[in-house]
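Working notes, structure below.
Count residues from 1 along the sequence.
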Amino acid sequence: MALSMAAALPLSSSLSIVSRGPSHSVPLSTNLSFSNHTANSKRQGMLNIRCVRVGGVEIPNNKRVEFSLQYIHGIGRSRSRQILCDLSLDNKITKDLSDDELISLREEVSKYMIEGDLRRFNRLAIQRLKEIRCYRGIRHEMGLPCRGQRTKNNCRTLKGKRVAVAGKKKSR
């Protein structure tokens, strides 16, 4: 009888509230109050702030900013450190960032090619190589490595599972 339902309400542009409670719970009002998470963690109708949205991706709240930014496609460890240095931000836990810091972080991240734009750019570059029929394009079409690796023993990721060849026996 106690089915849990999830209702998400937008709190601001960067936060979302998730309520997990029984289906007969009292509807949420417009006035929201936040309780201490450690003291009342056993309550079912409690509100939790889950993730912060940066660059179209929800990054985790409970990790440091340097590692949270790496959840965005196109941002690795060196670029996340560069972003923090450019903004002169401390590497603190993401949920401890103020609204001004979040806004400046979003603006800095939007300067880079990330997520869908980066994926589209890479896909079009590979498609162009295939169309002009260069060596790298042909290797992409055939599903083989295109950066000079040997293929006699390895590259199982690209070639797929091994296929047994009939009639091949050991000679003594």
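Scanning both residues, Glu115 and His73, for their nearest heavy atoms gives OE2-N, 2.7 Å. When all heavy atoms of Thr151 and Pro145 are compared, the pair lying nearest together is CG2-CG, 3.8 Å. Between Tyr71 and Val57, the closest heavy-atom pair is O-CG1, 3.9 Å. Between Thr94 and Ser68 the shortest heavy-atom distance is OG1-OG, 2.9 Å. Between Arg53 and Gly56, the shortest heavy-atom contact is NH2-O, 3.2 Å. Closest approach of Arg106 and Val52 over heavy atoms only: NH2-CG1, 4.4 Å.
Panel note: side chain Arg156, backbone Gly160; a donor-acceptor pair is recorded below 3.5 Å. Remark: side-chain polar atoms of Arg136 are not paired, donor with acceptor, to backbone N or O of Cys146 under 3.5 angstrom. A donor-acceptor pair is defined here as one N or O able to donate and one able to accept, closer than 3.5 Å; no such pair exists between the side chain of Arg139 and the backbone of Leu144.
A distance of 9.5 Å separates CD of Glu108 from CG of Leu84, quoted to the nearest 0.5 Å. To the nearest 0.5 Å, atoms SG (Cys155) and CZ (Arg147) are separated by 14.5 Å. The distance from atom OG of Ser80 to atom CG of Leu105, rounded to the nearest 0.5 Å, is 10.0 Å. Here the CD1 atom belonging to Ile103 is positioned 11.5 Å from the CG atom belonging to Leu97, to the nearest 0.5 angstrom. Atom NZ of Lys130 and atom CD1 of Ile138 lie 12.0 Å apart (nearest 0.5 Å). Between atom CG of residue Leu87 and atom CD of residue Gln82 there is a gap of 10.0 Å, rounded to the nearest 0.5 Å.
Under the 4.0 Å criterion applied to side-chain N and carboxylate O atoms, Lys111 and Glu107 are not assigned as salt-bridge partners.
Side-chain atoms of Lys63 and Gln70, non-hydrogen and from C-beta on, never get closer than 4.5 Å to each other.
No continuous path of ILVMFWY side-chain contacts below 4.5 Å connects Leu129 to Leu158, so the two sit in separate hydrophobic clusters.
Atom OH of Tyr112 has more than 12 neighbouring heavy atoms from other residues, nucleotides or ligands inside a 6.0 Å radius.
Taking a 4.5 Å side-chain heavy-atom cut-off between Ile, Leu, Val, Met, Phe, Trp and Tyr, the cluster of Phe121 extends to Met113, Leu118.
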